[in-house]
Protein chains: 2
Amino acid sequence: MTMARILSPDVDAVDEAPDAPRRARGRPRKTADERDDGNRRLALITGAAKLFRSKGFDATSTRDIAAAVGMQSGSPFYHFESKGALLYAVMEEGMRSAIARQKLALDRAQTELSSVSKKEVPAQHARKVMTILVRNHFDILLGPGSDFIPVMLYESRSITELQRATLATLQSEYEAVWVPVLDALQASGQLKADVKLARLLIFGALNWSVQWYDLKKSASLDDLANAAMALFIQDKK
Amino acid sequence: MTMARILSPDVDAVDEAPDAPRRARGRPRKTADERDDGNRRLALITGAAKLFRSKGFDATSTRDIAAAVGMQSGSPFYHFESKGALLYAVMEEGMRSAIARQKLALDRAQTELSSVSKKEVPAQHARKVMTILVRNHFDILLGPGSDFIPVMLYESRSITELQRATLATLQSEYEAVWVPVLDALQASGQLKADVKLARLLIFGALNWSVQWYDLKKSASLDDLANAAMALFIQDKK
DNA sequence: CCTACCGATCGGTAGG
DNA sequence: CCTACCGATCGGTAGG
């Protein structure tokens, strides 16, 4: 899990500072406390994400969040400037994690695919990559610990324009991976719609699943991914 | 516009009551006032819809709504029991209007289609009907006065379970029209995915457009509908 | 991190 | 529908 490192780079940086004021050397307690600091921050983000997703940002009080991680009502503000800063932290962490997971999924698939058929028909290759991307996206949206991205998708009204702009950069990074794949699919006749609109519509279809998907009911994430592929991408004949 | 009648059936019913207590016969002022009552109620719903869509339900105060229609802070509660009741009224009106508009669009298309080709290939027919449905759906989501359905789609967390259940009935009515069309498209090989999942994914793709569609930018609603059709529905060859 | 607290806002109501 | 108002809740802070 790279979450903690991504979340609070500053904490790690201070860890080995040469002239820490009143920190006795070799006292393991302090070190434990510091790591705890990061954990508390992370706990707040995780707890907030869960509540923001289920109740919405506005309907969640900072007291709710504090209680969820076993703090008193004022304590979250020791870690975050404001409720909005906490929301933004959830979203940014969600995007960084999503980008990392997408890279990982592609790398994993890359080695598998290339070992099977080094020089495959480009159209077939594009289809396989697209399947990986879709399946991974469903995992990010609906899999275990999937509160961050849904919060980002459905609560972006509550962050500032500047924060939205920063997030947009990360979102572009995430979507950039899809563009050449969609281009290739269109070039081979497997995707008929305008590529830009197709991308928006496809993400809509996937992202909306947050509204209706129920783990306990029938369809698995694999089923979902297969249905989405069958719907969007035509067979190359 | 059938909105007013749909919204407050009770008002119309009382209008001709034989023994209205202190209402002088033939005083046109009173009649005007009563019609105004309906207008105020409708104004509240319309104003609330606009605010709920742009700021969200929780972030909109009943004072905001009152101000938007030129009332004092407590006055909305003369027309609605609670803020939640106002939200629900927006949603229910949105669904009833959407169902009515969908029927209208289909009727209009029906006469056109049948005059051109009385006995058409079923596959071609299904495709045309689907195009009508998609285009109409975009109109409901993004066209003029399109605040009601977006509010219903994105604020349903804030209504009660019972209200959600009632809305679900209306939503089923709306979606029921799509089912045979999708079945026909699948039967003719123009739709490859599982029909139920396809329906959910397609509605997702359409509904998500609320998040990104910008009237001022490039694509028209026709463009959108065409792109969606090209993406989901394959050509019958 | 906790305790104690503040100012602001909010949904809603009584009484006209 | 307006005026005046209430109780509750909320984000946030000071001071330890």
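The figures that follow rest on heavy atoms only: side chains count, while hydrogens, waters and symmetry mates do not. Every chain is numbered from 1, with letters handed out A, B, ... down the list of sequences.
Taking only side-chain nitrogens and oxygens, Thr62(A) comes nearer than 4.0 Å to OP1 or OP2 of dG11(D).
The distance between atom NZ of Lys55(A) and atom P of dC10(D), rounded to the nearest whole Å, is 8 Å. Atoms CZ (Arg41(A)) and P (dC1(C)) sit 12 Å apart, rounded to a whole Å. Distance CZ (Phe77(B)) to P (dG11(C)): 6 Å, rounded to an integer number of Å. Rounded to whole Å, the distance from CG on Asp64(B) to C1' on dG12(C) is 16 Å. For the pair Leu87(A) CG and dG12(D) C1', the computed distance is 17 Å after rounding to whole Å. Whole-Å rounding puts the Phe57(A) CZ to dC10(D) C1' distance at 12 Å. Rounded to an integer number of Å, the gap from Met71(A) CE to dC2(C) P is 7 Å.
Panel note: side chain Asp223(A), backbone Ser220(A); a donor-acceptor pair is recorded below 3.5 Å. Within the 3.5 Å criterion, the main-chain N or O of Glu93(A) finds no donor-acceptor partner in the side chain of Ser97(A). The backbone N or O of Leu162(B) sits less than 3.5 Å from a side-chain atom of Thr166(B), completing a donor-acceptor pair. Judged by distance alone, the side chain of Tyr88(B) and the main-chain N or O of Leu167(B) form no donor-acceptor pair under 3.5 Å. Although no hydrogens or angles enter the test, the distance criterion places no donor-acceptor pair under 3.5 Å between the side chain of Arg96(B) and the main chain of Leu170(B).
Other residues, nucleotides and ligands place no more than 12 heavy atoms under 6.0 Å from the NZ atom of Lys50(B).
Using cut-offs of 30° and 60° for the angle between ring planes, the Trp178(B) and His137(B) rings count as perpendicular.
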N/O to N/O distances under 3.5 Å, protein versus nucleotides 6-9 of chain C:
none

Between protein and nucleic acid, restricted to nucleotides 14-16 of chain C and to nitrogen or oxygen atoms under 3.5 Å apart, what atom pairs and distances do you find?
none

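The CD1 atom of Ile202(B) lies 8.5 Å from the CG atom of Leu231(B); values are rounded to the nearest 0.5 Å.
Every residue two or more places apart in sequence or in another chain that forms a salt bridge (Lys or Arg N to Asp or Glu O under 4.0 Å) with Asp222(B) is listed here: Arg135(B). Residues that satisfy the side chain to side chain donor-acceptor pair (under 3.5 Å) test with Ser61(A), not counting sequence neighbours, are Asp64(A).
Taking only side-chain atoms of Ser75(B), from C-beta outward, the nucleotide of dC2(C), dC2(D), dG12(D) with the closest atom is dC2(D). Each of dA4(D), dG12(D), dC2(C) was ranked by its minimum atom distance to the side chain of Gln72(A); first place goes to dC2(C). The side chain of His79(B) approaches dC1(D) more closely than any other nucleotide in the set dA4(C), dC1(D), dG11(C). Side chain of Tyr78(B), nearest nucleotide from dC1(D), dT13(C), dT3(D): dC1(D). Comparing dC1(C), dG11(C), dG12(D) by their closest approach to the side chain of Arg40(A) singles out dC1(C).
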Dot-bracket, 5' to 3', for DNA chain D please: Watson-Crick or G-U pairs under 3.5 Å, [ ] where pairs cross earlier ones, | where the partner sits on another strand, dots elsewhere. ||||||||||||||||

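Using a 4.0 Å cut-off between charged nitrogen and carboxylate oxygen, Glu173(B) and Lys103(B) count as a salt-bridge pair.
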Quick one: side chains of residues 148-156 of chain A, donor-acceptor pairs under 3.5 Å with protein atoms, not counting sequence neighbours, listed by atom name and distance.
{"unit_1": "Tyr154(A)", "atom_1": "OH", "unit_2": "Asn207(A)", "atom_2": "O", "d": "3.2"}
{"unit_1": "Tyr154(A)", "atom_1": "OH", "unit_2": "Gln211(A)", "atom_2": "NE2", "d": "3.4"}
{"unit_1": "Glu155(A)", "atom_1": "OE1", "unit_2": "Phe57(A)", "atom_2": "N", "d": "3.4"}
{"unit_1": "Glu155(A)", "atom_1": "OE2", "unit_2": "Arg157(B)", "atom_2": "NH2", "d": "2.9"}

